[in-house]
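A quick write-up on the structure given underneath.
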Number of protein chains: 2
Amino acid sequence: MAPVPNPCYRFLSRPVGFPDLAKDFQYETSRELDLDSVELHGSFLTQTRFLSIDPYMRGRMEPGTFMEWTPGQIWEGFGICEVIRSETAEFQPGDKLYGYLFFERYHAYAIQEAQPRMFRRLENSEGLPLSVYLGVCGLPGKTAFYGLKAIGAPKEGESIFVTTAAGVVGMTVCQLAKAWGLKVLGSTGSDEKVKFLTQEVGVDRAFNYKTASTAEEVRKFGGLDIYWDNVGGEVLDLALISMKQKGRIVICGHISEYNDESRYGIKNTWEMVYKDIKMQGFYVFTYEEQYADEFYSTVPKMVADGKIKYTEDITVGLENAGEVLLKVLNGKNVGKAILHI
Amino acid sequence: MAPVPNPCYRFLSRPVGFPDLAKDFQYETSRELDLDSVELHGSFLTQTRFLSIDPYMRGRMEPGTFMEWTPGQIWEGFGICEVIRSETAEFQPGDKLYGYLFFERYHAYAIQEAQPRMFRRLENSEGLPLSVYLGVCGLPGKTAFYGLKAIGAPKEGESIFVTTAAGVVGMTVCQLAKAWGLKVLGSTGSDEKVKFLTQEVGVDRAFNYKTASTAEEVRKFGGLDIYWDNVGGEVLDLALISMKQKGRIVICGHISEYNDESRYGIKNTWEMVYKDIKMQGFYVFTYEEQYADEFYSTVPKMVADGKIKYTEDITVGLENAGEVLLKVLNGKNVGKAILHI
């Protein structure tokens, strides 16, 4: 067969503040691949189906950060691909795999990469749409589940405040927390999302942080046993003084600060001393071994049973990767941002 | 017998910044007590021997803080007293007790107060000087031992950075860390104390933060598994970027900020996410039940055997309580600050 186009999406230069689409990224269309004749050397050839766009990607563009992207490299991130040829017994043509993929239409992965790229064959016995395995049943869902279990350590009857509660991680945290008997306060950035949180997600109370005072809302809600921090900055500082004795703060992400060169400084850490407060960041994969089985046997079933709702924001076309990332960084996506290739 | 003077030391008004001795405190000499005839109503009458002066006392003067002092009340704090009369079988005249005492020469405590005031008869089978039970074998020693065990969770071969390392808590942390096989970096505020740390305490490396760059010293020492935070502010911010993967930060106190109205804001909390960093404050008594037996069977013996060294800064006279506190807040004390009554 004749070679087919194999476009990819590249990271060209390190952004200052918000990425500049014209300068920092490039959609490259000149590469080609002959799917039938390309030598696999024991690897398996895949076609990319779905790619996940997440706020953490902005962090990867900073020098010296964890799993830093090098200018010139093809973007990488979690996605779902289908095996189209294979020279390893591990995977068969037709298998749908979840893993850490290149932003490229086709790619041959060596079997030695299967472990670091965390390839996992999706059995999907619940018959869920595949894209769900990038959202509520993928990394964001694991983030919510592992973080809440390992650091939040929730006990029935406790209270939790969740920021960016209408985001994919946030709303999963809210729903797990409700299912586990917690009282849930959620903050979000629009009145429409507030309605969504109270009416669809089922939190006890929600507010629009752009029009309501976070300090006042947290005060009315009462002290916090758990604070799920998706934003950092001023809200984290405020939460510190609102925590109950032995409160737990789950540092999940600081989206407010990825693009902010003059970060807000937290002043209330001394509150931690007398109140025995724990504040802990977490890299989701640290807990993969400990909780993955429990996660995959719990969450997809809860989703199939309608006990956990989710929303998706699917954009078609690899060429839109950068644009979708900007949308995510600006909080403009409604539901898990996914590229359909 | 005739009544004898029963002086006390009072907290009069809430300081702004550093306490003003003339305005905020008062040594009151007009009160008297007849030791033989005063009605005890089942309580036990004590004579105060030693009182501990600690930085946390400044925190108690702030409105709304934990165990806040009320203007007008007599100071309270840990001390050692001797029972001189008793109407309870629990304690006998001559018993030396450790507990949370009033800053008063004589006081009759109800037996119901024995629990919240944490009275403990000092057996002192090691024959240590009694004042030691206010320092390395008292609250500061427990702070070091419990915090290191419960939050630091040190493993042999790991590294720890200890701030105010020549302080009583700090030097106990350093010595326990060395005994448990850690590599120890200590910071302190004078060249003399640097010498003391390396030659007497036995840390691997020490520096004077007033003349050396903390950033540079920490960089040369290498990444940190544990940071023992006694100061908060800028050093805590710097430690955040110096922590290794799964590092633990023990928030013990923020002495730099007790008197600072415009606190330094921590900007590097986002480092916690990718590095799985835990930062935890602790109230020492939270761990009393869990670790007290281990502490009392370990530390006094280590002290008696010369394995843990300690220094004391003893001032005679209750009237000097405020002055000694100022000395402590200014870091001018050399060793555990203790009042001998």
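Throughout, a chain's letter reflects where its sequence line sits, starting with A, and its residues are numbered from 1. As a basis for the values below, the full set of heavy atoms in this structure was taken, side chains included, without hydrogen atoms, waters or symmetry mates.
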Selection residues 148-170 of chain A - residue pairs positive for salt bridge (charged side-chain N to carboxylate O under 4.0 Å, His left out), sequence neighbours left out: A/Lys149-A/Glu294, A/Lys155-A/Glu158, A/Glu158-A/Arg248
Salt bridge (charged side-chain N to carboxylate O under 4.0 Å, His left out) contacts in which one or both residues fall within residues 161-173 of chain A, not counting sequence neighbours: none
By side-chain contact (heavy atoms from CB on, under 4.5 Å) - contacts of A/Gln73 (at least two apart):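 Applying side-chain contact (heavy atoms from CB on, under 4.5 Å) to A/Gln73 gives A/Trp69, A/Thr70, A/Glu76.
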Any donor-acceptor N/O pair, B/Asp229 side chain to B/Leu236 backbone, under 3.5 Å: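 No; zero donor-acceptor contacts below 3.5 Å.
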Geometric cation-pi criterion, B/Arg120 with B/Tyr296: 6.0 Å, 45°: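 Verdict for B/Tyr296: a cation-pi partner in B/Arg120.
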Which portion of B/Asn268 sits near chain A, non-hydrogen atoms under 4.5 angstrom: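 Both the backbone and the side chain of B/Asn268 come within 4.5 Å of chain A.
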Evaluation steps, salt bridge (charged side-chain N to carboxylate O under 4.0 Å, His left out), between B/Asp225 and B/Lys246: CA-CA 7 Å; B/Asp225 292 296; B/Lys246 300 197 193 186; over 6 Å; no
Heavy-atom contacts under 4.5 Å, residues 278-286 of chain A to chain B: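 A/Lys278, A/Met279, A/Gln280, A/Gly281, A/Phe282, A/Tyr283, A/Thr286 fall under the 4.5 Å cut-off.
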